[in-house]
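Structure first, commentary second.
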Amino acid sequence: MSPARVRFAPSPTGYLHIGGVRTALFNWLWARSVGGAFVLRIEDTDQERSTPESVKIILDSMKWLGLTWDEGPDVGGAHGPYFQMQRLAIYKDFSEKLITNKKAYRCFCTKEELDVQRAAVKERDPKAQFRYPGTCRDRANQPDKPFVVRFRMPDGGSVKYIDRVFGEIVTPNGAQQDFVLVRSDGVPLYNFGAVVDDLTMGITLVARGRDHMVNTPPQILIYEALDVAPPEFAHLPMMLAPSGEKLSKRHGAVSVTEYRDQGYSPEAVLNYLARFGWSHGDQEVFSRDELVAAFNWEACGKGDGKFDTKKFLAIQHEHLKSERLTSTKRYAESVVPFLDQRGLANITTDRVEAIVPGVRERATTFVEAANGMDFFFRDPPEMDQKAVQKFLTPESASKLDALHALYAGVELWTEAELDHRTHAWLEAQNLQIKDVAQPARVALTGRSASPGLYLVLFLLGKERALKRLAESAMLARGNGS
RNA sequence: GGCCCCAUCGUCUAGCGGUUAGGACACUGGCCUCUCACGCCGGUAACACGGGUUCGAGUCCCGUUGGGGUCACCA
């Protein structure tokens, strides 16, 4: 058995779509789990829409997700080049061979002529589908005319293959037509380019979205015409929008960069996508390594699914809550850019690391995390006016003064000590923590919701804590007058 | 319309002839509690329909219905 080689072959016509990521992920997981190779190929034969910027976005997105490729742009490899527009000579060789073997032929029909025929068919029967009539099948060469290369579709028979997830698929050849392999400018069309590349790159399994399932029979026919064995195929069920329509911008974020910018963890993105159409018993949460270890085609489902933002967020939350899944160090590194975005520049990761445990279970994204720890880094903190009005009342001022006095006398500034001293004081005053917690919280954080009081005090440090209590006491006195 | 594919809670899914049809998200009742969260306990909720096969079908076969994909010198 030759080692598995799989590929992801996006066309650089925009951002990397979340559906594309899932295709890439399943290929990547398979390659990693069996020790095979993951090839990245750029299908840039649509010169109208392909751009170098898109190539960069796609590569950046793949890197952010950690979907590393063994061969492809940046890293090279033995089967390059990995941009289709740099492989034109290879396609030419193969198309010549097919023409010589009469498996394909030059078609001199112009687009205009075909458009006329198409319109005529439409007029006769609006529901009828135009199929190329084979005009040039046996036409003599027209040396001065441009031509496309068409595949000579077998008259009868059918294509049968075993899909790794859908099982046996049979498609009659009669349902197909003499499709175009190569444009008049010598650039191959999708089916031909993909086959030649998969063949010359030694791809052993082609895994792609179910929307490509219709391309598989013609591709297999090309392999047969070339007299080589086709690779295996695996099609993935569609990921649809909650409405059941095709997933698009109208239904929220579909571009990977958007999720990155919204503060998602790349591993959480992979986790959600992996569990979409694939399962492993009752397990919902996976690290990257766990996915690699558990992945297999047999556990892939066949039914299309609907994208669920809430569940995605829940998985995301699981990853941020867990030290195992997102180490404090990585968490901090991920939050820093978002702090920077809030105008909190030059915050070092070790300062953030100290705060992470207090924020973990409260933040679903790194954006929320940055928001949740904002007051630790901003002096003075932003004061939420609603919270100020509600809790920093004139009556609370004396309590804040008392706390200030209490904490001013604390030498051992630890969470446990602050807890202990506070409760001793409360008891002496015949008060309960809830009598002072909210004013204190607003005083220290500017907000009505925060991590635990003693942790906040501790992390703030004695000096800043006292300063905030004092300033808020003044603010409270003036409040309501 | 042709060809292809699919069908278990609202959603993602487990199930691979015999289950009180399980889990997760969401929703919801409660507990915990200095806030917000987290956590814990509980609840509502599904085998699209009709025929077969079988002692026995969510599981196998056929049909119906419903949904999806695709029909380019796009990928």
Fill in: With A:Arg124 via salt bridge (Lys or Arg N to Asp or Glu O under 4.0 Å) - residues at least two apart
none
Any N/O pairs under 3.5 Å between the protein and nucleotides 62-69 of chain B? List them or say none.
residue	atom	partner	partner atom	Å
B:G68	O2'	A:Arg210	NH2	2.8
B:G68	O2'	A:Asp304	OD2	3.2
B:G68	N2	A:Arg210	NH1	3.0

Worksheet item: What string of B, S and - do you get for nucleotides 34-39 of chain B, 5' to 3', if B is base contact, S is sugar-phosphate-only contact and - is no contact with any protein heavy atom under 4.0 Å?
Response: BBBBSS
Fill in: Residue pairs fulfilling salt bridge (Lys or Arg N to Asp or Glu O under 4.0 Å) with at least one residue in residues 360-376 of chain A, sequence neighbours excluded
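Every pair satisfying salt bridge (Lys or Arg N to Asp or Glu O under 4.0 Å) with a residue in residues 360-376 of chain A: A:Glu323-A:Arg360, A:Arg342-A:Asp374, A:Asp374-A:Arg378.
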Discussion item. Suppose the criterion is salt bridge (Lys or Arg N to Asp or Glu O under 4.0 Å): which pairs have a residue in residues 427-452 of chain A, not counting sequence neighbours?
Written reply: none
Worksheet entry | Listed once per pair and sorted, the side chain to side chain donor-acceptor pair (under 3.5 Å) pairs that draw on residues 181-190 of chain A, sequence neighbours left out | A:Tyr190-A:Arg208, A:Tyr190-A:His212
Worksheet item: Taking only residues at least two apart or on different chains, which pairs with a member in residues 152-167 of chain A satisfy side chain to side chain donor-acceptor pair (under 3.5 Å)?
Response: A:Asp163-A:His235, A:Arg164-A:Glu232
Worksheet item: What are the residues of residues 117-124 of chain A, sorted by number, that bring a heavy atom to within less than 4.0 Å of RNA chain B?
Response: A:Arg118
Item to complete: Please list, by residue number, the residues of residues 270-278 of chain A whose heavy atoms come closer than 4.0 Å to an atom of RNA chain B; answer none if no residue qualifies.
Response: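 The stretch gives A:Arg275, A:Phe276, A:Gly277 as the residues lying under 4.0 Å from the strand, ordered by number.
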Practice prompt. For A:Asp93, enumerate each residue passing the side chain to side chain contact (heavy atoms under 4.5 Å, CB included) test, keeping only those at least two apart in sequence or located in another chain.
Written response: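 Counting only residues at least two positions away or on another chain, A:Asp93 forms no side chain to side chain contact (heavy atoms under 4.5 Å, CB included).
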Restricting both atoms to N or O, compile the protein contacts to nucleotides 30-32 of chain B shorter than 3.5 Å, with distance only.
none

Protein N or O to nucleotides 41-48 of chain B N or O, pairs below 3.5 Å:
none

Practice prompt. Tell me the partner of B:G63, counting only Watson-Crick (N1-N3 plus N6-O4 or O6-N4) or G-U wobble (N1-O2 and O6-N3) with both under 3.5 Å; none if nothing fits.
Written response: B:C49
Discussion item. Using the C1' atom as the point on both nucleotides, what is the distance between B:U13 and B:G69, in whole Å?
Written reply: 22 Å
